[in-house]
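This report concerns only the one structure given below.
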Amino acid sequence: MKVAVVKETAPGERRVALVPETVGRLRSAGLEVLAESGAGERAWFPDAAYAEAGAAVVTREELAADADVILTVSKPGSGLMPLLRRGQTVIGMLNPLTDPGLAADLAARGVTAVSLDGLPRTLPRAQSMDALTSQANVAGYKAVLVGAAEFGRFFPMLITAAGTARPAKVLILGTGVAGLQAIGTARRLGAVVSAYDVRPQTKTEVESLGATFIELTSVGSAAGEGGYARALTDAEREAQQAELAGHIARQDVVITTAQVPGRRPPLLLTQDALKAMAAGSVVVDMAASPLGGNVAESAPGETIVTDNGVTVIGAGNLAATVPGAASAAYARNISALLLSMVSDGALVIDTADEIQAGVVITHDGAVVHPATAALLADTAGGTTP
Ligand code: NAD
């Protein structure tokens with residue numbers, strides 16, 4: 001079986017789905033590996049390193065003609081889509097629930113689509129394949145560095161002959177994977193860190209990282225299913241925003257990471273909360289999206305300074321800005337998933353398997369992932385998802 005890694009083409013995407021180290025691992029499992037020329041160059045993995053690990057370095061056209069399985073980080077770009085052929089498999093972060101049209105297109109081409117973002121994350125044997133976690137870890141780390149770089153003062157307490165600098169006060173809102181990594185990173189830089197999540201069970205994890213957990217009196221637990229949060233009611237949201245504003249006003253740096261599956265990100269920092277912050281404070285919104293983020297003023301990939309001197313950074317694709325570490329982790333995730341689907345040297349699609357039921361989106365010309373199929377049916381019926 002021939003497995004290929006492509007060069008990503010999305011703007012700003014510097015990651016690569018397979019690094020030379022994992023090429024060796026796939027070769028040991030009896031797979032042939034093809035690498036598109038330049039696939040890893042933006043993550044500092046040159047073609048020569050892939051060749052040394054045993055991959056054949058080829059053009060995109062050669063790759064598309066020869067490969068049985070194509071590995072990507074994000075969606076196949078417009079340069080690759082027309083080259084894909086019936087019976088081929090594409091594995092990547094395809095986000096079928098936000099882009100069901102891509103799934104329909106791949107199904108129409110007879111391509112089997114496998115999407116890492118559908119992985120059942122709480123299944124112990126899926127942990128080595130959990131790319132959402134590995135990439136959120138990288139992004140949470142980088143969010144703190146971005147905030148620290150923009151902040152005009154020190155993070156640690158420094159005692160020097162020229163005076164004593166007090167440590168920065170950093171607040172992390174949302175303590176899932178990214179938030180916990182942000183706490184650890186801010187602590188390692190010497191900041192005084194506090195954190196809040198609407199799932200109170202994260203308190204012990206927050207405290208074990210040396211941060212203070214903020215408990216709101218106006219909002220109780222909003223733990224939802226599968227370890228995720230549920231959406232708040234309007235009344236809960238307003239109470240949360242009002243009570244959080246008092247804590248936010250005292251911070252130097254705020255990093256927001258809150259997400260609710262299938263919903264637009266909750267608004268945690270209102271215009272009023274931003275107005276109450278001191279000049280020179282910095283907000284990094286990791287949830288910034290075209291639909292809105294956790295912060296009133298944020299837009300993905302944009303930095304603005306409010307009239308009262310607060311810098312609001314709408315994080316874009318932060319994991320792609322740490323491409324070496326992000327690619328190495330992603331490559332381990334994707335190769336673990338791939339190898340779990342290989343038997344006797346061939347890919348075996350079996351949607352009765354708990355992992356495959358989550359990740360296999362299209363197969364044999366049809367959209368087989370129930371949630372994606374339902375979304376497409378709703379769209380075709382004129383219902384907006
Ligand atoms: P996520 O990206 O969906 O959300 C980030 C955080 O935002 C969550 O902690 C959530 O509770 C919080 N949040 C949502 N709405 C909020 C609001 N209004 N106010 C404050 N906070 C709000 O979460 P994630 O990082 O993907 O992790 C989700 C869960 O999955 C966690 O429980 C994590 O431990 C779990 N997980 C488990 C495994 C595993 O078992 N192997 C692997 C990965 C993640």
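Every number for a ligand or one of its atoms is a count from 1 in the order of the listing.
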Taking E13 for the side chain and S74 for the main chain, is one N or O donor matched with an acceptor at less than 3.5 Å? no
Nearest-0.5 Å distance, CG of residue L80 to NZ of residue K7: 13.5 Å
Measuring from atom CG of L180 to atom CD1 of I172, what distance do you get when rounded to the nearest 0.5 angstrom? 9.5 Å
Set of residues that line ligand 1, where lining means a heavy atom lies under 4.0 Å from it: R121, T122, Q127, D130, T133, G174, T175, G176, V177, Y196, D197, V198, R199, G227, Y228, A229, L232, Q240, T257, A258, Q259, V260, P266, L268
Within this structure, what is the CD-CG distance for the pair Q259 and L132, rounded to the nearest 0.5 Å? 10.5 Å
Salt bridge (charged side-chain N to carboxylate O under 4.0 Å, His left out) between E225 and R230: does it pass, once the steps are laid out? CA-CA 8 Å; E225 285 174 14; R230 65 164 171 82; over 6 Å; no
Which residue, N333, T22, L347, T89, forms the side-chain contact (heavy atoms from CB on, under 4.5 Å) with L338? L347
